Amino acid sequence: MTTQLDEKLQPIYQDVLNRNPGEAEFHQAVHEVLESLGPVLSKHPEFADRKIIQRLCEPERQIIFCVPWQDDNGEYQINRAFRVEFNSALGPYKGGLRFHPSVYLGIVKFLGFEQVLKNALTGLPIGGGKGGSDFDPKGKSDSEIMRFCQSMMTELYRYLGEYTDVPAGDIGVGGREIGYLFGQYKRITNRYESGVFTGKGLDWGGSRARKEATGFGTVYFVEEMLKARSDSLDGKTCVVSGSGNVAIYAMEKARDFGAKIVACSDSGGIVVDEKGIDLETVKRIKEVERRRIQAYVEAHPHARYVEGGNIWSVPCQVALPCATQNELNGKDAARLVEQGCIAVAEGANMPTTTEGIRVLQDAGIAYGPGKAANAGGVATSALEMQQNASRDSWTFEYTEKRLHDIMINIHRDCFETAEEFGAPGNYIKGANIHGFLKVGRAMSDMGLI
Ligand code: GLU
């Protein structure tokens with residue numbers, strides 16, 4: 001169950017509930033942040049006077065529109081799309097687009113809200129936003145994806161711009177979709193505005209290491225958490241949920257650090273390979289063939305596929321939830337603890353439920369919340385914007401080094417802020433407070449706008 005909020009924060013939360021009915025994920029994300037902010041208000045009464053928290057919980061602009069498109073059979077289709085431009089105190093709105101049937105305003109708002117604080121933690125000049133559609137890319141042909149993206153951009157383009165709002169990918173939106181979206185933006189506006197999108201192809205303004213960045217960054221964050229406990233990933237058994245972009249590169253970097261990945265998953269089931277998951281196979285299945293993870297056992301018959309299996313039932317020392325929101329609940333967390341897990345870092349956004357977080361923290365496990373642990377993706381997006389602004393293109397090594405330094409800094413900021421506010425080792429408090437202070441100070445400086 002959720003814990004009690006500070007008495008000054010309770011009415012603010014109640015107001016969020018009243019103003020945003022039925023948006024459970026948004027409520028959850030806000031509650032988790034407000035739980036951390038009690039001590040901040042006592043230290044900074046000016047934030048209360050200026051209603052910074054209330055303003056942070058209210059998106060600056062919310063766009064909802066219809067996307068009509070035609071499928072390969074010539075049938076008319078209708079989807080709903082969103083862009084929530086949440087907060088621009090630190091820079092242009094920045095955050096991905098998600099294509100998934102579960103997308104509705106509450107999901108986009110929770111993601112946008114998280115994004116504001118996450119982007120602040122990167123230390124780079126980006127505000128927060130998020131968007132997407134209830135369009136389901138699963139089973140769609142390339143031409144259907146293209147027509148959908150073109151139709152979506154035909155409305156969305158008017159709200160974007162390198163100084164205004166800069167989308168990228170998220171679940172269901174990768175290099176292919178960004179290509180179609182950017183192409184249509186370029187055509188409609190008659191501008192080659194590279195910095196209006198990130199996650200672009202390497203031949204047309206994309207950044208090296210962007211594809212790898214979220215997963216790599218999550219693993220850098222775990223390594224820092226373990227280092228703070230005089231430990232490391234070397235020799236650890238690791239379980240990663242998901243098998244998309246974040247999961248694949250989290251597995252790759254964890255393996256580089258000497259960990260053994262024994263399981264991964266997709267929405268159909270889980271694959272357990274005690275010899276260590278073979279990444280080349282996962283990449284082929286997911287990035288090239290776009291098939292289900294079940295296909296893994298065709299190439300590795302010794303591995304086990306469990307249809308509908310629970311990934312957190314596989315024993316591990318390090319768990320990396322890299323699939324989607326609320327995929328790790330209280331029971332899963334208790335099982336992880338029981339089976340000897342020492343660290344959990346979130347590659348996905350809000351993958352652990354409120355109860356799950358409580359169980360992990362009570363057990364004293366190193367727990368890295370998504371807004372800190374998965375910030376490497378958007379941080380590298382900001383590096384892509386830097387390269388676009390200077391019409392430059394950096395090497396993989398240099399870009400990855402920048403990403404690594406950013407993750408080390410995020411870890412340090414969260415760690416030190418948690419100590420300063422009397423909660424040593426509590427990265428969730430450290431991340432929420434550090435991110436909030438950055439955005440809050442900027443909003444305060446700019447007056448009531
Ligand atoms: N969707 C990613 C995230 O959750 C990346 C956003 C971006 O690069 O703008 O942070």
Side-chain angles (χ1 to χ4, degrees), residues 25 29 82-88 90-100 103 107-133 156 160-162 164-175 177-178 181-182 194-200 205-218 221 242 244-250 321-325 327 345-351 368-388 399 402-403 406-407 410 431 435:
E25 296 82 2
F82 306 84
R83 185 73 183 166
V84 173
E85 299 183 331
F86 222 107
N87 189 289
S88 59
L90 296 178
Y93 307 107
K94 181 83 199 85
L97 297 174
R98 175 177 292 192
F99 291 173
H100 192 272
V103 167
I107 292 271
V108 182
K109 265 152 83 174
F110 116 64
L111 290 165
F113 182 76
E114 288 281 298
Q115 199 82 46
V116 174
L117 298 171
K118 181 196 309 193
N119 293 5
L121 288 174
T122 66
L124 298 163
I126 39 178
K130 203 86 186 192
S133 171
L156 188 60
L160 307 181
E162 62 175 320
T164 310
D165 186 351
V166 183
D170 196 83
I171 293 172
V173 177
E177 291 74 18
I178 304 276
L181 290 162
F182 179 77
S194 300
V196 75
F197 249 98
T198 63
K200 299 183 294 295
S207 173
R208 293 191 177 82
R210 174 62 190 89
K211 188 170 71 167
E212 293 82 357
T214 312
F216 278 19
T218 301
F221 195 88
N245 188 55
V246 180
I248 288 176
Y249 293 97
C322 294
T324 193
Q325 67 273 354
E327 55 163 318
E346 300 181 335
N349 289 311
M350 207 170 74
K371 63 174 77 71
N374 72 39
V378 75
T380 308
S381 278
L383 300 181
E384 182 168 331
M385 291 161 75
Q386 279 187 35
Q387 292 168 77
N388 295 152
T399 317
R402 292 280 304 262
L403 164 66
I406 290 167
M407 295 313 296
I410 294 175

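Just so you know, ligand 1 is whichever comes first in the structure, and atom 1 is the first atom listed for that ligand. Just so it is clear, the model here is predicted, and its values are computed rather than measured.
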Out of Thr198, Asp165, Asn119, which residue meets the side-chain hydrogen bond (donor to acceptor under 3.5 Å, both in side chains) rule with Lys94?
Thr198
Using the rule given for side-chain contact (heavy atoms from CB on, under 4.5 Å), can you reason through Val166 versus Val196, listing the C-alpha separation, both sets of side-chain angles and the distance that settles it, and then say yes or no?
CA-CA 5 Å; Val166 183; Val196 75; 5.5 Å; no
Out of the candidates Asp170, Val103, Leu97, Val116, only one should pair with Lys130 under the side-chain contact (heavy atoms from CB on, under 4.5 Å) rule; please name it.
Asp170
Ion pair check, Glu384 and Arg210, cut-off under 4.0 Å
no
Any side-chain heavy-atom pair from Val378 and Thr122 closer than 4.5 angstrom?
yes
Atom pairs and distances, ligand 1 N/O vs protein N/O under 3.5 Å:
from, atom 1, to, atom 2, distance (Å)
ligand 1, 1 (N), Lys130, NZ, 3.2
ligand 1, 1 (N), Gly169, O, 2.9
ligand 1, 1 (N), Asp170, OD1, 2.8
ligand 1, 4 (O), Lys118, NZ, 3.0
ligand 1, 4 (O), Lys130, NZ, 3.0
ligand 1, 4 (O), Asn349, ND2, 3.0
ligand 1, 8 (O), Arg210, NH2, 2.9
ligand 1, 8 (O), Ser381, OG, 2.6
ligand 1, 9 (O), Lys94, NZ, 2.7
ligand 1, 10 (O), Gln115, NE2, 3.1
ligand 1, 10 (O), Lys118, NZ, 2.8

Before giving the answer on side chain to side chain donor-acceptor pair (under 3.5 Å), spell out for Asn349 and Lys118 the whole-Å C-alpha distance, their side-chain angles and the decisive distance to 0.1 Å.
CA-CA 10 Å; Asn349 289 311; Lys118 181 196 309 193; 2.9 Å; yes
